[in-house]
There are 2 protein chains.
Amino acid sequence: MKTRIKDLRARLNLTQADLASMVGVRRETILFLEKGKYNPSLKLAHKVAAALGSTIEEVFIFEEEDLL
Amino acid sequence: MKTRIKDLRARLNLTQADLASMVGVRRETILFLEKGKYNPSLKLAHKVAAALGSTIEEVFIFEEEDLL
DNA sequence: ACATAATGTTAGATATACAAAACATTGATA
DNA sequence: TATCAATGTTTTGTATATCTAACATTATGT
């Protein structure tokens, strides 16, 4: 699962820690999401997208394998 | 978290078991999702939406509290 | 009314998202 | 180059999504 979190975050001049506190998670959680290291819960995905002024479908990039 | 799974599923004449096998989860998982009993992973949400010919934002209904 | 399909419920096991904390590395800036 | 902010890594612990399986209830059709 790839994401556009890093790009969108940079565009808004937010650090990982900034975004983490906006969303109510630890900084490492944002880091792991950015690196595609795990598959977030739907609510967390929604909160991240909202904090970035965007939608889930815009922030998270689904690949073919995500359907298997 | 509310969803439109039940409606969309009925519109496509799919049983819970049908949808579950399309998505690769147990029937109970679909049941619990329909009833809002848990917060799915993003990939599962995506698979369910795709199986229903829809998008995550159309299938899952986010409420204010989902941002807290 | 009976059979069967569909839906709903419950309980225990497993995998993993996420927390927490500590430390390492990179990058910017004075 | 020394300092500090930002990012990255690792480990351990906890909460919960999901699985498995068995059974209960509610439709639906004959």
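All heavy atoms count here, side chains included; hydrogens, waters and symmetry mates do not.
Considering every non-hydrogen atom in both B/Glu57 and A/Thr55, the closest pair reads OE2-CB, 3.0 Å. Of all heavy-atom pairs between B/Thr3 and B/Ile5, the closest is OG1-N, 3.1 Å.
B/Glu63 CD to B/Leu68 CG: the interatomic distance, rounded to the nearest 0.5 Å, is 11.0 Å. The distance from atom CG of A/Asp18 to atom CG of A/Leu12, rounded to the nearest 0.5 Å, is 10.5 Å.
Side-chain N or O atoms of A/Asn39 include one that pairs as donor or acceptor with a backbone N or O of B/Lys43 at under 3.5 Å. Side-chain atoms of B/Lys6 never come within 3.5 Å of backbone atoms of B/Lys35 as a donor-acceptor pair (strictly under, hydrogens ignored). Side-chain atoms of B/Lys47 do not come within 3.5 Å of backbone N or O of A/Asp66 as any donor-acceptor pair. Side-chain N or O atoms of A/Asp7 include none that pairs as donor or acceptor with a backbone N or O of A/Arg4 at under 3.5 Å.
A/Ser21 meets the side-chain hydrogen bond (donor to acceptor under 3.5 Å, both in side chains) test with no other residue; sequence neighbours excluded. In this view, A/Gln16 and A/Glu34 satisfy the side-chain hydrogen bond (donor to acceptor under 3.5 Å, both in side chains) rule, not counting sequence neighbours.
Non-hydrogen atoms lying under 4.0 Å from DNA chain C are contributed by nothing in residues 49-68 of chain B. Near-neighbour residues of DNA chain C inside residues 5-38 of chain B, defined by a heavy atom below 4.0 Å, number-ordered: B/Lys6, B/Arg9, B/Thr15, B/Gln16, B/Arg27, B/Glu28, B/Leu31, B/Phe32, B/Lys35.
The bend of the helix from C/dA1-D/dT30 to C/dA30-D/dT1, defined by the angle between the axes of its first five and last five pairs, stands at 50° to the nearest 10°.
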| message | Would A/Ile56 and B/Phe62 count as a side chain to side chain contact (heavy atoms under 4.5 Å, CB included) here? Give the steps. | response | CA-CA 12 Å; A/Ile56 290 176; B/Phe62 299 101; 3.7 Å; yes
| task | Run the numbers on B/Leu52 and B/Val48 for side chain to side chain contact (heavy atoms under 4.5 Å, CB included), then give the verdict. | result | CA-CA 6 Å; B/Leu52 294 173; B/Val48 168; 3.9 Å; yes
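Under the 4.5 Å side-chain criterion, counting only non-hydrogen atoms from C-beta, A/Phe60 is in contact with A/Pro40.
For A/Ser41, a side-chain nitrogen or oxygen approaches OP1 or OP2 of C/dC18 to under 4.0 Å.
Atoms CG (A/Leu42) and P (C/dC18) sit 11 Å apart, rounded to a whole Å. Rounding to whole angstrom units, NZ of residue B/Lys47 and C1' of D/dT18 are separated by 11 Å.
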Give each protein N/O atom lying under 3.5 Å from an N/O atom of nucleotides 27-30 of chain C, with the pair distance.
none

